[in-house]
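What follows is one structure encoded as structure tokens, with my remarks underneath.
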Amino acid sequence: MPLMPKRVKYRKCQKGNVKGKAIRGSSLFFGDYGLQSVQPGRLTNNQIEASRVAIMHHLKAKGKLWIRIFPDRPFTKKPAETRMGKGKGDVAGWEAIIKPGRILFEIAGVSHEVALEALRLASYKLPINTKTVSREEI
């Protein structure tokens with residue numbers, strides 16, 4: 001079951017632009033270690049799920065993981081080999097809008113080395129630059 005909202009007010013939405021830094025969700029709240037975005041971008045539900053699987057695979061059912069982002073915006077795509085015009089395409093998937101400084105994932109209950117390695121593996125699955133943060137640093 002992919003990450004997606006149960007219902008939305010509008011079926012399609014415009015892309016907009018991502019300006020500024022993240023105010024909300026920019027500090028660790030649940031866990032001891034986190035993956036923080038460094039640049040703005042959009043993460044699809046598949047990219048979030050791939051990162052989650054990479055983290056859980058490395059944690060081996062130890063510790064706890066919090067996903068701090070949710071893909072609540074639809075993105076559209078026109079079919080292949082379609083001419084220009086004829087309106088906006090159909091909804092192809094869901095994405096989360098990410099601002100710099102946003103905490104994406106948090107981990108608790110594992111050692112320092114295991115947490116950093118799990119977050120490093122997760123960062124490879126994402127199209128934006130990230131850094132790991134810990135509670136000791138903050």
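Excluded from the calculations below are hydrogen atoms, water molecules and symmetry mates; all remaining heavy atoms, backbone and side chain alike, are included. We count residues from 1, following the sequence as given.
When all heavy atoms are compared, the tightest approach of Ala22 to Gly101 is CB-C, 4.0 Å. Considering all non-hydrogen atoms of both residues, Val110 and Val114 come closest at CB-CG1, 4.2 Å. Shown here for Pro71 and Pro5, the closest heavy-atom pair between the two residues is O-CD, 3.4 Å. Smallest separation of non-hydrogen atoms from Ser26 and Ile103: C-CG1, 3.8 Å.
Here the side chain of Gln39 pairs no donor or acceptor atom with the backbone of Ile128 at under 3.5 angstrom.
Listed by first and then second residue, the ring pair (Phe, Tyr, Trp, His ring centres under 6.0 Å) pairs that reach into residues 100-126 are Tyr33-His112, sequence neighbours excluded. Among residue pairs with one or both ends in residues 53-74, those qualifying as side chain to side chain donor-acceptor pair (under 3.5 Å) are Arg68-Glu106; sequence neighbours excluded. Listed by first then second residue, pairs satisfying salt bridge (Lys or Arg N to Asp or Glu O under 4.0 Å) with a partner in residues 111-125 read Glu117-Arg120, not counting sequence neighbours.
Note that CG of Leu119 and OG of Ser134 are 10.5 Å apart. Values are rounded to the nearest 0.5 Å. Atoms CG and CG, from Leu65 and Leu59 in turn, are 7.0 Å apart once rounded to the nearest 0.5 Å. Distance check: Arg11 CZ to Thr76 OG1 gives 10.0 Å after rounding to the nearest 0.5 Å. The structure places OG of Ser37 at 8.0 Å from CG of Leu43, a figure rounded to the nearest 0.5 Å. Taking OG from Ser51 and CD1 from Ile69, the interatomic distance works out to 7.5 Å, rounded to the nearest 0.5 Å. For the atom pair CZ (Arg24) and CZ (Phe29), the distance works out to 13.5 Å, reported to the nearest 0.5 Å.
Hydrophobic clustering (side-chain heavy atoms under 4.5 Å, transitive across Ile, Leu, Val, Met, Phe, Trp, Tyr) groups Met56 together with Leu126. Linking Ile, Leu, Val, Met, Phe, Trp and Tyr whenever their side-chain heavy atoms come within less than 4.5 Å puts Leu104 and Phe70 in one cluster.
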May I have the step-by-step check of side chain to side chain contact (heavy atoms under 4.5 Å, CB included) for Val8 and Trp94, ending in yes or no? CA-CA 11 Å; Val8 289; Trp94 298 85; 3.7 Å; yes
Run the side chain to side chain contact (heavy atoms under 4.5 Å, CB included) test on Val38 and Gln36 for me, step by step, so that the C-alpha distance in whole Å, both residues' side-chain angles and the decisive distance to 0.1 Å come before the verdict. CA-CA 6 Å; Val38 177; Gln36 188 175 38; over 6 Å; no
Derivation and outcome, side chain to side chain contact (heavy atoms under 4.5 Å, CB included), residues Ile67 and Arg52: CA-CA 8 Å; Ile67 303 173; Arg52 184 197 68 80; 3.6 Å; yes
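Side-chain contact between Lys99 and Lys21 is absent, with no heavy atoms from C-beta onward closer than 4.5 Å.
Applying the 4.5 Å side-chain rule to ILVMFWY residues, one finds that Phe75 remains a lone member of its cluster.
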Just list the side-chain donor-acceptor pairs under 3.5 Å for residues 77-90, sequence neighbours left out, or say none.
| unit_1 | atom_1 | unit_2 | atom_2 | d |
| --- | --- | --- | --- | --- |
| Lys78 | NZ | Gly85 | O | 2.3 |
| Lys78 | NZ | Gly87 | O | 2.9 |
| Thr82 | OG1 | Pro79 | O | 2.8 |
| Lys88 | NZ | Cys13 | O | 3.4 |

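Scored by the side-chain contact (heavy atoms from CB on, under 4.5 Å) test, Arg42 finds Lys15, Glu95, Ile97 as partners (sequence neighbours excluded).
Of the residues listed (Ile55, Thr130, Ile107), the one engaging Leu35 in a side chain to side chain contact (heavy atoms under 4.5 Å, CB included) is Thr130, and it is the only one.
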